[in-house]
Structures are given as structure tokens and as C-alpha cells.
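Just so you know, these numbers use all the heavy atoms, side chains as well, and skip hydrogens, waters and symmetry mates.
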Amino acid sequence: VQLQASGGGMVEAGGSLRLSCVLSGRTFSMYNMGWFRQPPGKEREFVAAVASTGGGRYYSDSAKGRFTISRDNARNTVYLQMNSLKPEDTAVYYCAADPRGIVLDVTTPIYWGQGTLVTVSS
């Protein structure tokens, strides 16, 4: 399995970005997907997750109400729409995949993407 994340960049506070992550090498619809982030100097943390069926979505407290995770099984892609961005959202964002269960913590996923940097200026 390979995960390719994209869509990061620099944005002003209050702005929006949409991250994408394409899974290749396996059947995408079999995988529960998640987004994690690692702020500068801090540990990696959970942001959002979606079940393989698309029926369950989960968010960290900091993401609720501002971020939306979605998936397009026809495109083998998971998205993270990020609105009302804050400087504290600055981090490297990673997508992750696991066929066994919902990816709610950093110890769960089997597969990780390479990360995409999001920088939010004040």
C-alpha cells in the first residue's frame, strides 16, 4: 500500500485548505482512513477518521466544526477539508490507513503517507 498526500501550503488565519490522499496498491474501499498531524516540536496527534464504508466519521475536539473528512472510493482518495484555520493548526499532516479498525490513535494504522505541510499565518 502506498499513500500519497497533497494539498498542503501556506494560508492566512481564517482561510481554508483541502488535503487529499490517494491510496494505491490495494482496494481502497477495504481501508479505514485517517488524518493525523504533527505540530512543530510536538508529537503526532489524531485529527479525523472515516470508516471504510464511509458511514462513520470521527474528529478530534480541535477539528470538530471546522474540518470535514470524506472519501471517494471511486477515486481511491480521502479528503480533509479544513476551514477557519488557526495558527495552531500549523503542522505536517499525515494520512493513514488500516483495514482492521477505525484509525483513532497513532498506534493503530499500518500504513502512513509521507506528510504534507500546512502553515497558517496570523
Side-chain angles (χ1 to χ4, degrees):
V1 171
Q2 290 188 326
L3 298 172
Q4 182 68 46
S6 61
M10 183 175 293
V11 64
E12 292 184 349
S16 299
L17 282 175
R18 188 176 79 157
L19 306 182
S20 301
C21 177
V22 178
L23 184 149
S24 61
R26 288 287 193 275
T27 304
F28 179 70
S29 60
M30 296 176 58
Y31 286 83
N32 302 284
M33 302 297 296
W35 286 98
F36 295 75
R37 69 185 183 186
Q38 188 162 12
K42 297 184 179 181
E43 295 185 350
R44 195 171 298 188
E45 62 185 22
F46 168 74
V47 177
V50 61
S52 59
T53 61
R57 302 183 190 189
Y58 307 83
Y59 298 95
S60 66
D61 288 343
S62 62
K64 284 178 185 175
R66 299 188 300 126
F67 294 2
T68 302
I69 189 170
S70 62
R71 63 188 296 153
D72 184 342
N73 285 356
R75 296 180 183 273
N76 294 349
T77 302
V78 62
Y79 302 99
L80 185 68
Q81 177 67 45
M82 304 187 294
N83 299 328
S84 303
L85 282 162
K86 305 174 182 180
E88 51 263 43
D89 294 318
T90 295
V92 177
Y93 284 72
Y94 297 89
C95 60
D98 197 294
R100 303 166 299 174
I102 307 299
V103 290
L104 296 175
D105 66 75
V106 298
T107 63
T108 300
I110 293 178
Y111 303 107
W112 290 90
Q114 86 287 2
T116 184
L117 177 63
V118 172
T119 303
V120 184
S121 60
S122 57

Quiz item: Hey, are Ser16 and Asn83 close enough side-chain-wise for a donor-acceptor pair under 3.5 Å?
Solution: yes
Exercise. Determine yes or no for a side-chain-to-main-chain donor-acceptor pair under 3.5 angstrom, with Ser29 supplying the side chain and Thr27 the backbone.
Key: no
Quiz prompt | Shortest non-hydrogen contact from Ser122 toward Pro87 | solution = CB-CG, 3.8 Å
Quiz prompt | Heavy-atom pair with the smallest gap, counting every atom of Tyr93 and Val47 | solution = CE2-CG2, 4.3 Å
Practice problem: Would you kindly confirm whether Leu104 and Tyr111 end up in one hydrophobic cluster when ILVMFWY residues are joined by side chain heavy atoms under 4.5 Å apart? | Solution: no
Practice problem: Look at the side-chain heavy atoms of Ile, Leu, Val, Met, Phe, Trp and Tyr, link any pair under 4.5 Å apart, and say whether Ile110 and Val1 land in one connected group. | Solution: yes
Quiz prompt | Test salt bridge (charged side-chain N to carboxylate O under 4.0 Å, His left out) applied to Glu45 - qualifying residues, sequence neighbours left out | solution = Arg37
Exercise. Hey, could you give me the CZ/CD distance between Arg26 and Gln2, rounded to the nearest 0.5 Å?
Key: 11.0 Å
Practice problem: Show your working on side chain to side chain contact (heavy atoms under 4.5 Å, CB included) between Thr119 and Val11 and close with a plain yes or no. | Solution: CA-CA 6 Å; Thr119 303; Val11 64; over 6 Å; no
Quiz item: Rounded to the nearest 0.5 Å, how far apart are CG of Leu19 and OH of Tyr79?
Solution: 12.0 Å
Quiz item: Taking the side chain from Arg71 and the backbone from Ala51, do they hold a donor-acceptor pair closer than 3.5 Å?
Solution: yes
Exercise. Determine whether Arg44 and Val92 make a side-chain contact, defined as any pair of heavy atoms from C-beta on separated by less than 4.5 Å.
Key: no
Quiz item: Less than 4.5 Å apart, any side-chain heavy atom of Val78 and any of Trp35?
Solution: yes
Practice problem: Return the set of residues passing ring pair (Phe, Tyr, Trp, His ring centres under 6.0 Å) with Tyr94 (not counting sequence neighbours), or none when no residue passes. | Solution: none
Quiz item: Roughly how far apart are Thr116 OG1 and Leu80 CG, rounded to 0.5 Å?
Solution: 11.0 Å
Quiz item: Looking only at heavy atoms, what is the nearest atom pair of Asp89 and Arg66, with distance?
Solution: OD2-NH1, 2.7 Å
Exercise. Without swapping roles, check the side chain of Thr53 against the backbone of Gly55 for a donor-acceptor pair under 3.5 Å.
Key: yes
Quiz item: Should Phe67 and Leu117 be counted in the same cluster of Ile, Leu, Val, Met, Phe, Trp and Tyr side chains packed under 4.5 Å apart?
Solution: no
Quiz item: Within a strict 4.5 Å, meaning less than it, do heavy atoms of the Tyr31 and Leu23 side chains meet?
Solution: yes
Quiz prompt | Test item: Asn76 side-chain N/O and Val22 main-chain N/O as donor-acceptor pair under 3.5 Å | solution = no
Practice problem: Mind checking the CE-CG spacing from Met30 to Asn73? Nearest 0.5 Å is all I need. | Solution: 12.0 Å
Practice problem: Enumerate the residue pairs fulfilling ring pair (Phe, Tyr, Trp, His ring centres under 6.0 Å) with a member in residues 37-58, sequence neighbours excluded, ordered by first and then second residue. | Solution: Phe36-Phe46
Quiz prompt | Shortest non-hydrogen contact between Val103 and Pro109, atoms and distance | solution = CG1-CG, 3.8 Å
Practice problem: Please report the shortest heavy-atom distance between Leu3 and Cys21, naming the atom on each side. | Solution: CB-SG, 3.9 Å
Quiz item: Just how far is it from atom CE of Met33 to atom CZ of Phe28, taken to the nearest 0.5 Å?
Solution: 5.0 Å
Quiz prompt | Asp61 with Lys64: basic N within carboxylate O range, under 4.0 Å | solution = yes
Exercise. Spell out, as yes or no, whether a donor-acceptor pair under 3.5 Å connects the side chain of Glu12 to the backbone of Val120.
Key: no
Quiz item: Between the side chains of Ser62 and Ser60, is a donor N or O closer than 3.5 angstrom to an acceptor N or O?
Solution: yes
Exercise. Starting at CZ of Arg57, measure out to CD1 of Ile102 and round the result to the nearest 0.5 Å.
Key: 12.0 Å
Self-check item: Distance-minimising heavy-atom pair for Leu17 and Gly7
Solution: CD2-O, 3.9 Å
